[in-house]
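Worksheet: one structure, shown below.
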Amino acid sequence: MSKCCCDAVGGHVLVTPRLHPTPRPSSVHLPWEKLRSKTRPKTTIAVATGNSRGSFTWALNQTGGGLVLPRKESNEEKITSKKRVFFLDVNPLCYKGSTPSLHSFGHWVSLFFEQVSLSDPVIAVIDGERCNEYRRHLLPSYKAHRRKFSKQVPSQRFSSISAGRSHQIVGDVLRKCNVPVLKVEGCEADDVVATLVGQVLRRGYRVVIASPDKDFKQLISEEVQIVMPMPEFGRWSFYTLKHYIAQYNCDPCSDLSLRCIMGDEVDGVPGIQHMAPGFGRKTALKLLKKHGSLENLLNAAAVRTVGRKYAQDALTKYADFLRRNYEILSLRRDIDVQLEEEWLFDRDRRNDSVVLSNFFKELGDTQKLSYQNASHSSDG
């Protein structure tokens, strides 16, 4: 979001008292409150209504007492007026399909800086070493099939790069573009982002998470949005609370609970339907809409009947299985990382064009760079 800039509005509001043309006779005694209401001047007041970009319209209202009362700001306007802070989930951008690719990283980051984040603050997060150990201790199949980024990165200049070296290349590009890069050993980037999102919201900002990772949908709210790379359209696309409700027809608070019941094949987390074939998405949604969360549902099923026999039996028999899924799929909010004040400053983007151009040259890319140099000529 660009900086909010409000222009001064010209003109004045004239206050003209309207008094009764003929004084009342002294023999008529009116209560004080009634007399006060009859003789109070009426005031014409202009109320400014505006959006986050500073455009205003004026509406005339009638009130008394000569006070200019501003229109009450709606909840949506309060949220959109807050400054945005972006979190950039780096690892998924370093793949083209299932193939590690530094070119993919450069392509999506250049579009992100040019079309999405602009000069808003950006915090980049990379997976730490041994980041999956915590969850694999609970479930050995967790992300077991995923390839480690940069075991071998195909390119003309970088034919074989170690994971550490590829992360160094990516980190250098981001830091030269004035983006802080976080990597917490033993922690997944998702958990670091989830921890910092809460800290940013408490500072009075709103959050946009740049990632294709569906795990972040459990964080979505009026103040937290997601922006996803869309390869089929060649651009980034915003995904909001309204999009989520339209897609899933349920509250985001139920998203994590639903995934715990249905499982996540991509992450190697099995669902309950493997043990109870009749327990599908429709049944899960119906029960979650009634009980709100997985824990509430399991607690209710432990003391009374909550659905048909196959659902009741599955919830009581596999309660520990579902709670384990919850611990695996829920994003942690307790990572030892603290938000720095300087991370919230506007990003200086004047280096973007040169840094990204040099990056693509090093990769031996002969295609036209999507990042347009001329777009920042005025910034210099």
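Since the model is a prediction, treat every value here as computed from it, not as a measurement.
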Q.
Applying salt bridge (charged side-chain N to carboxylate O under 4.0 Å, His left out) to Asp191 and Arg333, what does each step give before you reach the verdict?
A. CA-CA 6 Å; Asp191 297 324; Arg333 321 290 176 92; over 6 Å; no
Q. Is the shortest side-chain N to carboxylate O distance from Asp267 to Arg135 below 4.0 Å?
A. no
Q. Are Leu356 and Trp236 joined in one hydrophobic group, where the rule is that I, L, V, M, F, W and Y side chains link up if heavy atoms are under 4.5 Å apart?
A. yes
Q. Are the charged groups of Asp215 and Arg259 less than 4.0 angstrom apart, N to O?
A. yes
Q.
Could you work out, with side chain to side chain donor-acceptor pair (under 3.5 Å) as the rule, every residue matching Tyr326, not counting sequence neighbours?
A. none
(Q) Among residues at least two apart in sequence or on other chains, which ones pass side chain to side chain donor-acceptor pair (under 3.5 Å) with Ser211? (A) Asp89
Q. In Å and rounded to the nearest 0.5 Å, what is the CZ to CD distance from Arg175 to Gln168?
A. 8.0 Å
Q) Given side chains that start at C-beta, do those of Cys131 and Cys187 come closer than 4.5 Å, heavy atoms only? A) no
Q. How long is the gap from CG on Asn91 to NZ on Lys183, to the nearest 0.5 Å?
A. 9.0 Å
Q: Output every pair passing side chain to side chain donor-acceptor pair (under 3.5 Å) with a member in residues 270-287, not counting sequence neighbours, ordered by first then second residue.
A: Thr283-Tyr310
Q) Distance-only, no hydrogens or angles: does the Ser141 side chain make a donor-acceptor pair with backbone N or O of Gly268 under 3.5 Å? A) yes
Q) Can you list the steps and then say if Lys143 with Glu188 is a salt bridge (charged side-chain N to carboxylate O under 4.0 Å, His left out)? A) CA-CA 12 Å; Lys143 294 186 178 180; Glu188 293 189 57; 2.8 Å; yes
Q: Name all residues meeting the salt bridge (Lys or Arg N to Asp or Glu O under 4.0 Å) criterion together with Lys309; count only those two or more places apart in sequence or in a different chain, and write none if there are none.
A: Asp313
Q. Is the closest basic N to carboxylate O distance between Arg206 and Glu222 below 4.0 Å?
A. no
Q) When rounded to the nearest 0.5 angstrom, what distance separates OG in Ser237 from CE in Met228? A) 8.0 Å
Q. Can Asp255 and Lys214 be said to form a salt bridge (charged side-chain N to carboxylate O under 4.0 Å, His left out), step by step?
A. CA-CA 10 Å; Asp255 177 77; Lys214 61 185 178 301; over 6 Å; no
Q: Give, for atom CE of Met262 and atom CD1 of Ile272, the distance between the pair rounded to the nearest 0.5 Å.
A: 9.5 Å
Q: Consider only side-chain heavy atoms of I, L, V, M, F, W and Y, link residues closer than 4.5 Å, and tell whether Leu297 and Leu256 are in one cluster.
A: yes
Q) Any side-chain heavy atom of Asp120 within less than 4.5 Å of one from Val208? A) no
Q. Does Val85 belong to the same Ile/Leu/Val/Met/Phe/Trp/Tyr cluster as Leu118, with side-chain heavy atoms less than 4.5 Å apart forming each link?
A. no
(Q) Is it true that Ser293 and Asn296 share a donor-acceptor pair across their side chains at a distance under 3.5 Å? (A) yes
Q) For atom CD of Gln247, is the number of surrounding heavy atoms from other residues, nucleotides or ligands below 6.0 Å larger than 12? A) yes
Q. If you measure from OH on Tyr318 to CZ on Arg323, what distance do you get to the nearest 0.5 Å?
A. 15.5 Å
Q: Verify the neighbour count for atom CZ of Arg203: are there more than 12 heavy atoms of other residues, nucleotides or ligands below 6.0 Å?
A: yes
Q: Would you confirm whether Gln312, through its side chain, and Ala301, through its main-chain N or O, come within 3.5 Å as a donor-acceptor pair?
A: yes
Q. Under the side-chain contact (heavy atoms from CB on, under 4.5 Å) criterion, do Phe87 and Phe216 qualify, and how do the steps go?
A. CA-CA 11 Å; Phe87 285 94; Phe216 287 120; over 6 Å; no
Q) Is there a side-chain contact (heavy atoms from CB on, under 4.5 Å) between Ile169 and Glu362 once you walk through the steps? A) CA-CA 11 Å; Ile169 293 171; Glu362 289 179 343; 5.7 Å; no
Q | side-chain contact (heavy atoms from CB on, under 4.5 Å) between Trp343 and Val122, intermediate numbers included | A | CA-CA 7 Å; Trp343 298 347; Val122 179; over 6 Å; no
Q: Applying salt bridge (Lys or Arg N to Asp or Glu O under 4.0 Å), name anything that partners Asp334, two or more places apart in sequence or on another chain.
A: Arg332
Q.
Holding to side chain to side chain donor-acceptor pair (under 3.5 Å), I want the full list of residues that pass it with Ser221, two or more places apart in sequence or in another chain.
A. none
Q. According to the interplanar angle, ranging from 0 to 90°, do the rings of Tyr239 and Tyr244 count as parallel (below 30°), tilted (30 to 60°) or perpendicular (above 60°)?
A. perpendicular
Q. Can you tell me if His243 uses its side chain to pair, donor with acceptor, with the backbone of Thr240 under 3.5 Å?
A. yes
Q. Given the rule in the side chain to side chain donor-acceptor pair (under 3.5 Å) test, do Glu327 and Tyr134 qualify, once you have shown the distances and angles that lead to the verdict?
A. CA-CA 10 Å; Glu327 187 172 359; Tyr134 169 78; 3.0 Å; yes
Q: Keeping the roles fixed (side chain from Glu223, backbone from Val207), state whether a donor-acceptor pair exists under 3.5 Å.
A: no
**Q.** Linked, directly or transitively: Leu196 and Ile226 (ILVMFWY side chains, under 4.5 Å)
**A.** yes
Q | Pair Asp352 + Arg347: basic N to acidic O under 4.0 Å | A | yes
Q.
Classify the ring geometry of His107 against His103: parallel below 30°, tilted from 30° to 60°, perpendicular beyond 60°.
A. parallel
Q: First locate atom CZ of Phe321, then atom SG of Cys260, and finally report the distance between them rounded to the nearest 0.5 Å.
A: 9.5 Å
Q: Look only at the side chain of Gln199 and the backbone of Leu339, and say whether a donor-acceptor pair between them is shorter than 3.5 Å.
A: yes
Q: Would you check if the distance from the ring center of Tyr95 to the ring center of Phe105 is below 6.0 Å?
A: no
Q) Quick one: does Val125's side chain get under 4.5 Å of Leu88's, heavy atoms only? A) no
Q | Derivation and outcome, side-chain contact (heavy atoms from CB on, under 4.5 Å), residues Ser104 and Leu93 | A | CA-CA 6 Å; Ser104 175; Leu93 304 181; 5.5 Å; no
Q. With no hydrogens and no angle check, is any side-chain donor or acceptor of Asp264 less than 3.5 Å from a backbone partner on Val269?
A. no
Q) Are Leu329 and Ile209 connected in a single hydrophobic cluster, I mean Ile/Leu/Val/Met/Phe/Trp/Tyr linked by side-chain heavy atoms less than 4.5 Å apart? A) no
Q. Are any of the side-chain heavy atoms of Pro252 and Lys217 separated by less than 4.5 Å?
A. no
